[in-house]
*Asks:* 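Sharing a structure here in structure tokens format.
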Amino acid sequence: MTQPAAGVAEPPPSVISAAGVTKSWGTNVVFSDLTADVPRGVTGLLGSNGSGKTTLLGMLLGLHEPNSGALTVLGEDPAQAGGDLRQRIGYSPEHHNLPPDIAAHDLVRHVAVIHGLPKREATTRSSDALWLVGLGEERARPVGTMSTGQRQRVKLALAIAHDPALILLDEPTDGLDPVQRDGMLELIRRIGTEFGIDILLSSHLLEEVERIADNVVILNDGRVTASGRIDELRTGQGGMIAVIDNGVEGAIASMERRGLVIRAERDRLRIGGDLPPDKLADAVRDSIAENDATLRRLMPVQQTLEDLFLDEVYGE
Amino acid sequence: MTTQTEAEIFDRGYRRYDGERSGVGTAMRSVWLNSIQRALGLRRKFRFKIVPIVTILLAYIPALAFLGIAVILPSELVGETVDYAGYYGLISISTLLLTAFVGPELLSTDRRTGMFGLYMASPLTRTHYLTAKASALATVLFLVTLMPLLFLLLGYTFVGLGPEGFSNTMILLGRIIAGGLILSSFMTLLGMAAATLTNRQAFASAGIVMTLIASSVLANVMFEVAEVDDAVLLADLGNLPNDAIQRLFKTSEIIDVPSWQSLGALGGVLALLALIVIWGYQRMEVTK
């Protein structure tokens, strides 16, 4: 039986879409209301331990059904599409275990064949994938003789060899030293940008998600507490920084009357509040104009992903 | 060989694949083939080939001996020794050893090494996976439960000691195939059930052997000491498939009970073993 080629049809704008998804294991509620849209590109999936990252990956693969709500992956319901959808997904699990006595090339080729590639194509592509991840010279070696870093690369080759439209990576840098981690992150970024394969990267390391991801989804307490483009989230949530030369007291009083929260930091003011970013800037401008104060600089606060994560997860 | 720090990424580019993709049938065939290779130690170090080669050869030694005798002795003397049904007793050790070695190798290893998770992230479902694995284990077992008897039939036919006439040959061939299927099905499900219950290969292998020995001892002790009905011997699991095979070949049955009881007990045990496998795999977590 043959099926139409995967990769021919252009994936929809939202690679993953969840609306009101709930999931429980017995009495343990994992997701009470999971709502998010994951656009194309590289997306980081963040959450503290036990937040349901791995369960979500299982649901995206169609291995667990949601109790309620709508979930689509590449435009299809994973619980219904099942195997047809998984054929277009590459998955790299968190654990480091792989069959120790099988050559890397044999393992990657076998997994490519079960994802629907003809044997000859699978042979070529598994070899290419191993070259791509830097294991070309090592491809005939049994996986059990490889280091943790090399096994992580084998897992990445397993995920890309069959040319998926989407790759799910579960902690792909776990167990790597800093040099290996840099190489792996660079490779993942390249796969997501140059090769046009969308990536969902589950990690608890904020710095690496910030480094290679375009988008982020933050899970906490059974819900998505933040999602979207990282640069927009960092800019939009942190308020503004203003540097004012004279008329500072009057400007602060005007801002506080407008409901803004002011914190003086050396020669600058950190201004926050419940207003959206454009309204916040308008309120600051009007307060300064009212008091004939001199504004030298006004800029949005650039939060780090860590600030954002701590805000969303721990409310700090 | 390069070390990790010397590893270098060569840019061989990346090609999209726009060709056709095969379906689940091809994926199952690949798992089946890969499992047979693994069971027989193919594409693995020599030490992995020793057990399967020795156990399989053991099953052919009696056939070679019988055929050698057939060639040497006059046919009227040899004719009385031709006993296909009795051959199943000669291969019982090979069948047990091969099941104890291959069953856990095919299932427990996949779970311990994470291969099961990779399979479940592919188009395969648990049902596809278990079907492919059961087929692989049964195929390997056919090498000792079916092929030696076919070899014996072919050899006897070649030296003029085969069944008389085409229809008798077909009847005997059918019985040999059915006998191989009964024994392989039983041992396949026993091996898979034991391997479902533990990730440790050694424990699963010991479990297979101990289950057969313990059930035999228990059934025979109850029969001899408690002097209960012959039906208690149906609890001797190792004898269940052999008893069915003896009835198939119309020789004397091993357990003195009506056929419906013997076949019913065999069917019940097969169903129970299959349920253990299905139940175990249904509750097995994949993404963890």
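A note on names: the letters A, B, ... follow the listed sequences, proteins ahead of strands, and every chain is numbered from 1.
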*Asks:* Listed by chain and number, what are the ring-ring contact (aromatic ring centres under 6.0 Å, His included) partners of B:F142, not counting sequence neighbours?
*Replies:*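 If we apply the ring-ring contact (aromatic ring centres under 6.0 Å, His included) test to B:F142, skipping adjacent residues, there are no hits.
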*Asks:* Given that the side chain runs from C-beta out, which part of A:P164 has a heavy atom under 4.5 Å from chain B: side chain, backbone, both or neither?
*Replies:*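 Both backbone and side chain.
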*Asks:* Indicate yes or no for a side-chain donor-acceptor contact from A:Q87 to the backbone of B:S22 under 3.5 Å, with no hydrogens or angles considered.
*Replies:*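 The answer is yes, because a donor-acceptor pair under 3.5 Å joins these two groups.
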*Asks:* So which atom in A:R86 and which in B:P123 form the shortest heavy-atom distance, rounded to 0.1 Å?
*Replies:*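 Taking every non-hydrogen atom into account, NH2-O, 3.9 Å.
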*Asks:* State whether A:D106 and B:R43 are salt-bridged, where the test is any N-O pair (Lys NZ or Arg NE/NH1/NH2 against Asp/Glu carboxylate O) under 4.0 Å.
*Replies:*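 Answer for the salt bridge query: yes.
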*Asks:* For the atom pair OG1 (B:T26) and NZ (A:K119), what is the distance rounded to the nearest 0.5 Å?
*Replies:*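 Spacing of OG1 (B:T26) from NZ (A:K119) equals 12.0 Å.
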*Asks:* Does any backbone or side-chain atom of A:P99 lie under 4.5 Å from a heavy atom of chain B? Answer side chain, backbone, both or neither.
*Replies:*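 A:P99 touches chain B through backbone and side-chain heavy atoms alike.
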*Asks:* Side chain from CB out, backbone as N, CA, C, O: work out which of these in B:M115 comes under 4.5 Å of a heavy atom of chain A, or both, or neither.
*Replies:*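 Only the side chain of B:M115 comes within 4.5 Å of chain A.
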*Asks:* Measure distances from B:R38 to the heavy atoms of chain A and classify the residue's part below 4.5 Å as side chain, backbone, both or neither.
*Replies:*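 When you check distances to chain A, only side chain atoms of B:R38 fall under 4.5 Å.
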*Asks:* CZ/B:R21 to CD/A:E121 distance, rounded to the nearest 0.5 angstrom?
*Replies:*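 One gets 9.5 Å once the value is rounded to the nearest 0.5 Å.
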*Asks:* Shortest non-hydrogen contact from A:P100 to B:T113?
*Replies:*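 Minimum heavy-atom separation between A:P100 and B:T113: CD-CG2, 3.8 Å.
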*Asks:* Of the backbone (N, CA, C, O) and the side chain (C-beta and beyond), which part of A:L107 lies under 4.5 Å from a heavy atom of chain B, both, or neither?
*Replies:*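 Only the side chain of A:L107 comes within 4.5 Å of chain B.
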*Asks:* B:L118 and A:Y91: which non-hydrogen atoms are nearest, and at how many Å?
*Replies:*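 Closest heavy-atom pair between B:L118 and A:Y91: CD2-O, 4.1 Å.
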*Asks:* In Å, rounded to the nearest 0.5 Å, how long is the span from CG of A:D101 to OG1 of B:T109?
*Replies:*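 One finds 8.5 Å between CG of A:D101 and OG1 of B:T109.
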*Asks:* Can you tell me which portion of B:S30 sits under 4.5 Å from chain A's heavy atoms? Options are side chain, backbone, both or neither.
*Replies:*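 Both backbone and side chain of B:S30 come within 4.5 Å of chain A.
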*Asks:* Check each atom of A:I102 against the heavy atoms of chain B and say whether the ones under 4.5 Å are side chain, backbone, both or neither.
*Replies:*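 Interface part for A:I102: side chain.
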*Asks:* Output, in order, the C-alpha distance, side-chain angles, deciding distance and verdict of ring-ring contact (aromatic ring centres under 6.0 Å, His included) for A:H110 and B:Y119.
*Replies:* CA-CA 10 Å; A:H110 177 52; B:Y119 282 134; 5.6 Å; yes
*Asks:* Non-hydrogen atoms of chain B under 4.5 Å away: do they reach the side chain of A:L158, the backbone, both or neither?
*Replies:*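 For A:L158, the side chain is the part near chain B, not the backbone.
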*Asks:* Do the charged groups of B:R15 and A:D163 touch, with an N to O distance under 4.0 Å?
*Replies:*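 No.
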